[in-house]
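Keep in mind the model is a prediction, meaning the values are calculated, not measured. Order of the sequence lines fixes the chain letters, A, B, ..., with proteins taken first and strands second; residue numbering starts at 1 for each chain.
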There are 2 protein chains.
Amino acid sequence: MILEKKKAFSEFAANKGLRSTRQRDIILDIFLSTHQHVSVEELYLKVKASHPGIGHATVYRTLKLFAEAGLAREILLHDGQTRYEHVLAGEHHDHLVCTGCNAIIEFEDETIEKLQKEIALRHGFLIRSHKLEIYGLCACCRS
Amino acid sequence: MILEKKKAFSEFAANKGLRSTRQRDIILDIFLSTHQHVSVEELYLKVKASHPGIGHATVYRTLKLFAEAGLAREILLHDGQTRYEHVLAGEHHDHLVCTGCNAIIEFEDETIEKLQKEIALRHGFLIRSHKLEIYGLCACCRS
DNA sequence: TAAGATTATGAAAATGAAATTCAAAAGCAA
DNA sequence: TTGCTTTTGAATTTCATTTTCATAATCTTA
């Protein structure tokens, strides 16, 4: 999976005429080694730990590239820090989010996907991605 | 509906020991007169148009109060501007978000709603609210 | 493989949204 | 009113992110 992502980024870079650099390789490695959501600052610190020369701006720039390449996705929480999460192959990215215990239950529903496409079509809208989050209480927290 | 919201805010303010001020009334009026999704800056400009004395900070502070009071909800898009949208009773809250021009197209789909309920039921999950955002390019931006 | 051309990098500066400060003004209770 | 507290607005500060620009690294092609 990690190799696939590296390949995916190589291809993206090749396509875009981007150069292959030591920094991008390092940042990609470290990003792929993280779990869940990383803020830019967190990733920068991780990068700096093993490669002190790499600058802030490069981490910012490179994460944006990952997002463009479809490897990562920007997430905005309410603390003013942009985070990046991993984009997994075939994921549909729908969640039941428990406001009691913060558990996240993932689910997939083809019919919902299909309906979304219909709605988009009706509005002449070209779908790039989507996010469906259902907030409430999970089985544990409601009882 | 507007009166209900005003009352709701009065009650919230009373509860919190907040004072009733001319500025808050004005900002609430103007916020209620807008349609979905106002950025702080947009609202500030609207406020300033009729009440030049009211400052930036007050608009920021007051919108945060509205969010706390449950009248408004902060939305974060990817342009670094916080927007506030109206919280409507029984609202469905689904959006097509154009990443080209930041246009927001609202839609409702009963079937999607129903499917969400089914999914929740299947997981023993109690729905409180949900958010469905479809990102992509609107008809204008894709052409 | 060296030269030339272009892209990427890093440090520092710039930007810009949002928060904070603080003196003055306004609301409130008695 | 009086006195106390909250709120306001202008200016300042903060802090994440972006930009700038000189230098360095990468790529191309001769």
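The shortest distance between the side-chain N/O atoms of A/Thr21 and the OP1/OP2 oxygens of C/dT9 is below 4.0 Å. For C/dG16, neither phosphate oxygen OP1 nor OP2 lies less than 4.0 angstrom from any side-chain nitrogen or oxygen of B/Gln81. Neither OP1 nor OP2 of C/dA19 sits under 4.0 Å from any side-chain N or O of B/Tyr60.
Between A/Phe66 and A/Phe9, the distance from one ring center to the other falls under 6.0 angstrom. For A/His86 and A/His37, the gap between ring centers reaches or exceeds 6.0 Å.
Residue B/Asp25 contributes atom CG, which lies 14 Å from atom C1' of D/dT8 at whole-angstrom precision. Per the geometry, CG belonging to A/Leu65 stands 12 Å off P belonging to D/dT18, to the nearest Å. Atom CZ in B/Arg22 sits about 13 Å away from atom C1' in C/dG27, given to the nearest Å. Remark: P of D/dA10 and CD of B/Gln23 are 11 Å apart, rounded to the nearest angstrom. Between the CZ atom of B/Arg24 and the P atom of C/dA26 there is a distance of 15 Å, rounded to whole Å. Between B/Leu76 atom CG and C/dA18 atom C1' there is a gap of 12 Å when expressed in whole angstrom units. For the pair B/His56 NE2 and C/dG16 P, the interatomic distance rounds to 13 Å; values are reported in whole Å. Separating the OH atom of A/Tyr44 from the P atom of D/dT18 is a distance of 16 Å, rounded to the nearest angstrom.
Residue contacts for A/Lys16: at a heavy-atom cut-off of 4.0 Å it reaches no nucleic acid atom on any strand shown. Residue-level contact check: B/Lys64 touches the backbone only, with heavy atoms under 4.0 Å from sugar-phosphate atoms and none from bases. Nucleic acid contact for B/Glu41: none, since no nucleic acid atom lies under 4.0 Å from a heavy atom of the residue. The residue B/Gly53 sits close only to the backbone: its heavy atoms come under 4.0 Å of sugar-phosphate atoms, none of a base.
The nearest heavy atom of DNA chain D to A/Ser20 and to A/Gly80 marks one nucleotide each, and the one closer to the 5' end goes with A/Gly80. Mapping A/Arg83 and B/Ala57 onto DNA chain D by nearest heavy atom places B/Ala57 at the nucleotide closer to the 5' end.
Listed here is the closest heavy atom pair of B/Val40 and B/Tyr84: CG2-CE1, 3.7 Å.
At a cut-off of 3.5 angstrom, the base of D/dG9 holds at least one donor-acceptor pair with the side chain of B/Arg61.
Here the nucleotide nearest the side chain of A/Arg19, chosen from D/dA25, D/dG9, C/dC28, is D/dA25. Listed nucleotides: D/dA11, C/dG10, C/dA18. Nearest to the side chain of B/Val40: C/dA18.
Although no hydrogens or angles enter the test, the distance criterion places a donor-acceptor pair under 3.5 Å between the side chain of A/Glu42 and the main chain of A/Ser39.
More than 12 heavy atoms of other residues, nucleotides or ligands shown are found within 6.0 angstrom of NE2 on A/His78.
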